[in-house]
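Report on the following structure.
Predicted model only: the values in this text are computed from it and were never measured. Heavy atoms only: backbone and side chains are in, while hydrogens, waters and symmetry mates are out. Proteins get letters first, then strands, A, B, ... in listed order; numbering begins at 1 in each.
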There are 2 protein chains.
Amino acid sequence: MATTTRGRIDKRQAILEGAFTVFAREGYAQACVQEIAREAGVAKPTVYNHMTDKATLFRNAMEAAARAILDQRIAALEPLATPGDDLHATLEEVAHTLLRLHTDGRSCALRRLLYSEITHFPDILDIVKESGPDRLTRALADRLARLALAGRLRATDPDLTAEQFLALLLGPLEARTQLGTRSLEDAELRTMARDAVETFVRAWAA
Amino acid sequence: MATTTRGRIDKRQAILEGAFTVFAREGYAQACVQEIAREAGVAKPTVYNHMTDKATLFRNAMEAAARAILDQRIAALEPLATPGDDLHATLEEVAHTLLRLHTDGRSCALRRLLYSEITHFPDILDIVKESGPDRLTRALADRLARLALAGRLRATDPDLTAEQFLALLLGPLEARTQLGTRSLEDAELRTMARDAVETFVRAWAA
DNA sequence: TCTCATTTGAACTCATGGGTTCAACATAAT
DNA sequence: ATTATGTTGAACCCATGAGTTCAAATGAGA
């Protein structure tokens, strides 16, 4: 519900956040604008003051959520810039952080919404992917290329290596989290990170 | 549209297939029963003769589609029962078949529908998973255990090994197929199978 | 040929929800 | 104080679609 603050603070922001929340809970078609307005603590016409359509409301909400979520992931790769002498441990740390971010509620909701509405909003994929998994893979590939150059990893295609690292790490998540509906204990995340990194290192360490 | 065959042949089957087709194309909420009836070549009241609800229609259609799709995958593991002397080649063959099945239109549609409606139909996950990825992973783990016992693979947890094999193989698909909306050339599937198996073997061969 | 179960099309009811209108109101700047 | 801009709630229009009803038509089996 939220308090019915009159006047103008940051309605637009509130609308986008409320919209994402409701869309995430209900799906695009089932979400009704009335409820989004309520969630954002705003009147329905106000929503239409800022967004022309339910569709563009959806697009904007998705874009905002994606941007917020995905910046964190790039930041999670930071430790790989200065890996110290224990590469294995650094990889595990990064892996664990990525798993934690990837299993976050909003993150899962974003993936679910992408999957469900990609046929009706194919353009959203471009908006999200550009700032999303692609950027993450590329950033990781950059780090790995450095490591390969330093003789600490097998020197082959860093893009492939990055792709496989992420696959090994995030692939098992889908089944474990029931497509993102179940949350995992931190201990389980640790184990998954350890398993993925161990296999990765066995295949790719120089 | 289909010809308006009167009398009763296999209305029920037609309805389930038509329903899955339309649900796959439109999503649950946007699909309308009228159109499903048309797709199945059947009148709307006939649909309600067989199914009480749009919801149960959805459940039944998903279950039927899942069963049909997933049996093929188990069958794809067959070559691993008699791997011959070239394990690497056999793995590549199996990997390639799995990729082909996984990128099939109906298969992608099933995944999309699962993702999108899992919050409204949590029970469908059980129906599908039981006969789905879980069974595949278990079946693969069985094969791998045999291979480990025969001294051809590193002898550790076969469940983990199977999970990682599938992750390495199928993980990169998501990005490459644009969440299942783009179809891939067979050559690209071959390359992906080769890359996944090569890394897998490097990490797990005895 | 007669009967029973099923199908069919069309029309109907009813609820939901997108999008708009409008008059009253609040806020900020001048 | 006044004006311009934005917000509010409530009511409204209208399209869509789930689910039902019914009389007419059909097919399978006896």
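- B:D104 has no carboxylate O lying under 4.0 Å from a charged side-chain N of B:R100, or vice versa, which leaves the two without a salt bridge.
- Atom P of nucleotide C:dA15 and atom CD of A:Q34 are separated by 18 Å, given to the nearest angstrom.
- In this model, the phosphate group of C:dT6 is not approached by any side-chain N or O of B:H50 to a distance below 4.0 Å at OP1 or OP2.
- Between the P atom of C:dT6 and the CG atom of B:D10 lies a distance of 14 Å, rounded to the nearest Å.
- Nearest to the side chain of A:V33, among C:dG18, D:dT8, C:dA11, sits C:dG18.
- The existence of a salt bridge linking A:R59 and A:E63 is excluded, since no basic side-chain nitrogen approaches an acidic carboxylate oxygen closer than 4.0 Å.
- Nucleic acid contact for B:D53: sugar-phosphate only, since backbone atoms but no base atoms lie under 4.0 Å from a heavy atom of the residue.
- Atom-to-atom, CD of B:E26 to P of D:dT16 comes out at 14 Å; the value is rounded to the nearest Å.
- Side-chain proximity of B:K54 to the nucleotides C:dG19, D:dG19, C:dT7 is greatest for D:dG19.
- The residues B:R143 and B:E78 are annotated as salt-bridged, a charged nitrogen and a carboxylate oxygen being separated by less than 4.0 angstrom.
- The base of D:dG19 sits with one of its N or O atoms less than 3.5 Å from a complementary donor or acceptor on the side chain of B:K44.
- Nearest to the side-chain atoms of A:C32 among the listed nucleotides C:dG17, C:dT8, D:dT8 stands C:dG17.
- Nearest to the side chain of B:A43, among C:dT20, D:dT8, C:dT8, sits C:dT8.
- Looking at B:R202 and B:E198, a side-chain N of the basic residue comes within less than 4.0 Å of a carboxylate O on the acidic one, giving a salt bridge.
- Ion pair A:R25/A:E39 flagged as a salt bridge, since at least one NZ, NE, NH1 or NH2 atom sits closer than 4.0 Å to an Asp/Glu carboxylate oxygen.
- When heavy atoms are screened at a 4.0 angstrom cut-off, A:A29 is found touching no nucleic acid atom at all.
- With C:dT7, D:dT8, D:dA18 as the candidates, the nucleotide lying closest to the side chain of B:K11 is C:dT7.
- Of all nucleotides listed (C:dG9, C:dT7, D:dT7), C:dG9 comes nearest to the side chain of B:P45.
- Here C:dC25 presents its P atom at 19 Å from CG of A:N49, a figure rounded to the nearest Å.
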